[in-house]
Amino acid sequence: MKILFMGTPDFALSSLAALCDAGENVIGVVTQPDKPKGRGYEMKASPVKVYAKERGLAVYQPTTLRGEDFDSLLREIDPDMIIVVAYGKILPENVINYPRFGCINVHGSLLPKYRGAAPMQRAIIDGEKVTGITTMYMDVGLDTGDMIMKEEVEILPDDNFENIHDKLAACGASLLLKTVNAIRDGKAERERQDDTMATYAAKIEKNDCIIDFTKSAADVHNLIRGLSPIPLSFTHTPDGKMLKVWKSRISEEDSSADEGTVISLEGGITVKCGTGAVTLCGVLPEGKGRMKAEDFIRGRKIGLGDKFI
RNA sequence: CGCGGGGUAGAGCAGCUUGGUAGCUCGUCGGGCUCAUAACCCGGAGGUCAUGAGGUUCAAAUCCCAUCCCCGCAA
């Protein structure tokens, strides 16, 4: 069975590597074009491309999937199945309908919940205890296709985006292999999504990263861990500088101070929230690298009674 | 040439504008106090102030020049 793989970031890489290691016939890899990234705008290839090159796989980086070019490429390589994992582009109908065994997608949530671009982050931010992986047959909608397999992954109280991402990437890879096998054997199930239960996990915008200390300590902590280590949530110190936070915990302490006020500097920066308080344990000052909160305090950048804004 | 911050003791920082004995909060080592301690007191070690036999100067961490490295933002 000839498989065309489409994906871009690390999350997709896990699945691609699993397919290759399992000896599946990956005849090509489609990934996003190299883009100028990072400091100095240097061109950077996607993780999937780097791996595919090492592995000697054919790499395609079309700017668009619509139109003659990709259409003829599709006919030329003639895949029996297309597997899409975090590719970053919407597939047009003609592509979805091309392969005999369909277009399979690996999605980082238990559909129909958290359809969309940032399911893992949103699940953590919402304080979910469980998330998971769903494999599905793609259709023209956004993560609305018929589901094939699911597997749950627990979200522990202190898991952050990085942990969950890694767990789900591994889970996604193994579930993908099972799914592919089931399809090949003609044993794959096909379950419609209940649209009335659907929720949408929108892409994380900068506004989503602002810490709102009027919320409960749990909400603040969930936001911080859901966005750590990237892109990181942030607040502002009294001098107006941005302070990102990469690690926190819910504090036992409390106070009647205003929300956002520093009420303790023992073992971190403890900040009063709408309900309860949160201790910031790891921060990243503007223009600096990440550091422990204790070190930030030693540098005398924050004092008791200061208020984050 | 996208924008910006920075390289001073093991960590985080100050000092640089207005050149002239290298400082703060910790850590560390030794001693003391204490039933005891991450607390407190006393004492010590530890720095080529990124690099350049560079420039200016009587004198450079500080001003000028060049290079290397680290980081944040934005995409």
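Letters A, B, ... mirror the listed sequences (proteins, then strands); counts begin at 1. Only this structure's heavy atoms are used, side chains among them; waters, hydrogens and symmetry mates stay out.
- The phosphate of B:C73 has OP1 or OP2 within less than 4.0 Å of a side-chain N or O from A:Lys244.
- Nucleotide B:A39 forms no Watson-Crick or G-U wobble pair with any nucleotide shown, as no partner meets the under 3.5 Å limit on both distances.
- For the pair A:Arg184 and A:Phe101, the cation-pi test (distance below 6.0 Å, angle within 45°) is failed.
- Using a 4.0 Å heavy-atom criterion, one finds that A:Arg39 contacts the bases of the nucleic acid, with or without backbone contacts as well.
- Checking B:A60 for Watson-Crick or G-U wobble geometry (two distances, each under 3.5 Å) identifies no partner in any strand.
- Straight-line distance between the P atoms of B:A14 and B:C24: roughly 15 Å, to the nearest whole Å.
- Annotation: cation-pi geometry satisfied between A:Lys206 and A:Phe234 (NZ/CZ under 6.0 angstrom from ring centroid, within 45° of ring axis).
- The line from CZ of A:Phe213 to OG1 of A:Thr261 is 10.0 Å long, rounded to the nearest 0.5 Å.
- No side-chain heavy atom of A:Phe308 sits under 4.5 Å from any side-chain heavy atom of A:His236.
- Figure legend. B:G2 is base-paired to B:C73; pairs are counted as Watson-Crick or G-U wobble with both atom distances under 3.5 Å.
- Under the Watson-Crick and G-U wobble criteria, each requiring two contacts below 3.5 Å, nucleotide B:U48 is left unpaired.
- Across all strands shown, the partner of B:C26 is B:G10, judged by Watson-Crick or G-U wobble contacts whose two distances both fall under 3.5 Å.
- Closest-nucleotide positions on RNA chain B for A:Gly289 and A:Lys301 were compared, and the one nearer the 5' end corresponds to A:Lys301.
- Taking for each of A:Tyr41 and A:Met242 the nucleotide of RNA chain B with the nearest heavy atom, the 5'-most of the two is the partner of A:Tyr41.
- Taking atom P on both nucleotides, B:C49 is separated from B:A60 by 12 Å, rounded to a whole Å.
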